[in-house]
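In what follows, a single structure is set out as structure tokens and then discussed.
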Number of protein chains: 2
Amino acid sequence: MKTELAVDMLSALAYAARLDIFRYLVRIGPDGAAAGDIASACNITPSTLSHHLNQMRQCGLIGRTRQGRAQIYHVNFDAMNTLIGFLSDDCCNGQPDLCLKGNEK
Amino acid sequence: MKTELAVDMLSALAYAARLDIFRYLVRIGPDGAAAGDIASACNITPSTLSHHLNQMRQCGLIGRTRQGRAQIYHVNFDAMNTLIGFLSDDCCNGQPDLCLKGNEK
DNA sequence: TTGATATTTCGACTATTATCGAATTATGAA
DNA sequence: TTCATAATTCGATAATAGTCGAAATATCAA
């Protein structure tokens, strides 16, 4: 994984409003949610939300499909796992013993 | 884990220069490295580096100990694992099946 | 002490990012 | 068509974050 992409993904999650959005989409699951639903669930104005969703989408953390006049957003679990894998590797590479404890927590 | 802390940790890693620093410290291991060594290894001006190290230290991702006139910085692996755990939980909570595949990568 | 080295803090400036209303695009229904 | 709804893009402003030199602090050695 290119570190530039990792930085983009981390940035996408490194903001309270976006982390909220992401967690909401995780809770919703693979079916995803329409932009309007996210806006009211997370209490964000449409244009600001759109901006955040774009950022998360550009780095691949979420995807989008149209359904009628709604845009449905959903978590890309593969991308999220790639990020978690990157962090685990980055943390444990060369020091596996240090990272085993705590990981079951 | 409080999401505010998660945001701070994610922010600490969501910047190329800081991610570099962090990865350098991971490679160095538990003994850590002096600020000066980090500065030359990562090619960052001392004052800027100090600013970044502070940010990573405030959220607990790294620690610091004095050794003579050097300040030795080292990764806090427990904190890093807490973060990884948070992301894994946040990603997999309620949808364990979605997150199993990909995790062995 | 005094001087040299390692690092941090301060302050000013620059750059990046977030926010929101207004205007625009896209779709569906009458 | 025409109207209403859902969402995005645009443009301006506000807020946050990064950078760096100069000054300050801490430690060690002579």
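Naming convention: chains lettered A, B, ... in sequence-line order (proteins, then strands); numbering from 1 in each chain. What's counted below: heavy atoms across the whole structure, side chains too, no hydrogens, waters or symmetry copies. What you are looking at is a predicted structure, and each value in this text was computed from that prediction instead of being measured.
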Heavy atoms of A:Leu13 and B:Leu10 approach each other most closely as O-CD1, 3.5 Å

In whole angstroms, the gap separating C1' of D:dA17 from CZ of B:Arg18 amounts to 8 Å

Rounding to 0.5 Å, atoms CZ (A:Phe22) and CE (A:Met9) come to a distance of 9.0 Å

Residues of residues 49-63 of chain B with a heavy atom under 4.0 Å from any atom of DNA chain D, listed by number, are B:His51, B:His52, B:Gln55

For residues 59-74 of chain A, the salt bridge (Lys or Arg N to Asp or Glu O under 4.0 Å) pairs (sequence neighbours left out) are none

Residue set satisfying side-chain contact (heavy atoms from CB on, under 4.5 Å) with A:Ala41, at least two apart, ordered chain then number -> A:Tyr24

- Task: Determine whether B:Met56 and A:Phe86 fall in the same hydrophobic cluster, where Ile, Leu, Val, Met, Phe, Trp and Tyr are linked whenever their side-chain heavy atoms lie under 4.5 Å apart.
- Result: yes

- Would you say B:Tyr15 and A:Tyr15 are hydrophobically clustered, going by side-chain heavy atoms of ILVMFWY under 4.5 Å? no

In terms of heavy-atom contacts, B:Gly60 and B:Ala79 come closest through O-CB, 3.3 Å

Expected list for residues 32-40 of chain B near DNA chain D, using heavy atoms below 4.0 Å, is none

Residue set satisfying side chain to side chain donor-acceptor pair (under 3.5 Å) with A:Thr48, at least two apart, ordered chain then number -> A:Thr45

A:Arg64 atom CZ is separated from C:dT27 atom P, nearest whole Å, by 11 Å

Applying side-chain contact (heavy atoms from CB on, under 4.5 Å) to B:Asp20 and not counting sequence neighbours gives none

Residues at least two apart in sequence or cross-chain that pass side-chain contact (heavy atoms from CB on, under 4.5 Å) with A:Ser40, listed by chain then number, are none

Hits for side-chain contact (heavy atoms from CB on, under 4.5 Å) against A:Ala39, two or more places apart or cross-chain, chain-then-number order -> A:Leu49

Rounded to whole Å, CD1 of A:Ile44 lies from C1' of D:dT8 at a distance of 15 Å

Worksheet item: Do A:Asn76 side-chain atoms and A:Gly63 backbone N/O form a donor-acceptor pair below 3.5 Å?
Response: no

Residues of residues 4-12 of chain B with a heavy atom under 4.0 Å from any atom of DNA chain C, listed by number, are none

In short, the helix from C:dT1-D:dA30 to C:dA30-D:dT1 is bent end to end, axes from five pairs each side, to 10°, by 20°

Between OH of A:Tyr73 and P of D:dA7 the distance, given in whole Å, is 9 Å

Original post:
Within the structure, does a side-chain N or O atom of B:Tyr15 lie under 4.0 Å from either OP1 or OP2 of D:dT19?
Top reply: yes

Between B:His74 and B:Gly32 the two heavy atoms that sit nearest each other are CB-CA, 3.8 Å

Those residues at least two apart in sequence (or on a different chain) that pass side chain to side chain donor-acceptor pair (under 3.5 Å) with A:Gln55 are A:Arg18

Practice problem: Measure from the side-chain N and O atoms of A:Ser50 to the backbone N and O of A:Pro46, and report whether any donor-acceptor pair falls under 3.5 Å. | Solution: no

Could you go through nucleotides 21-28 of chain D and list every protein N or O atom that sits under 3.5 Å from one of its N or O atoms, giving the distance for each pair?
residue: D:dG21; atom: N7; partner: B:Ser47; partner atom: OG; Å: 3.4
residue: D:dG21; atom: O6; partner: B:Ser47; partner atom: OG; Å: 3.2

Atom CG of B:Asn43 and atom P of D:dT19 are separated, to the nearest Å, by 12 Å

Nearest heavy-atom contact between B:Leu83 and B:Ala6 is CD1-O, 4.3 Å

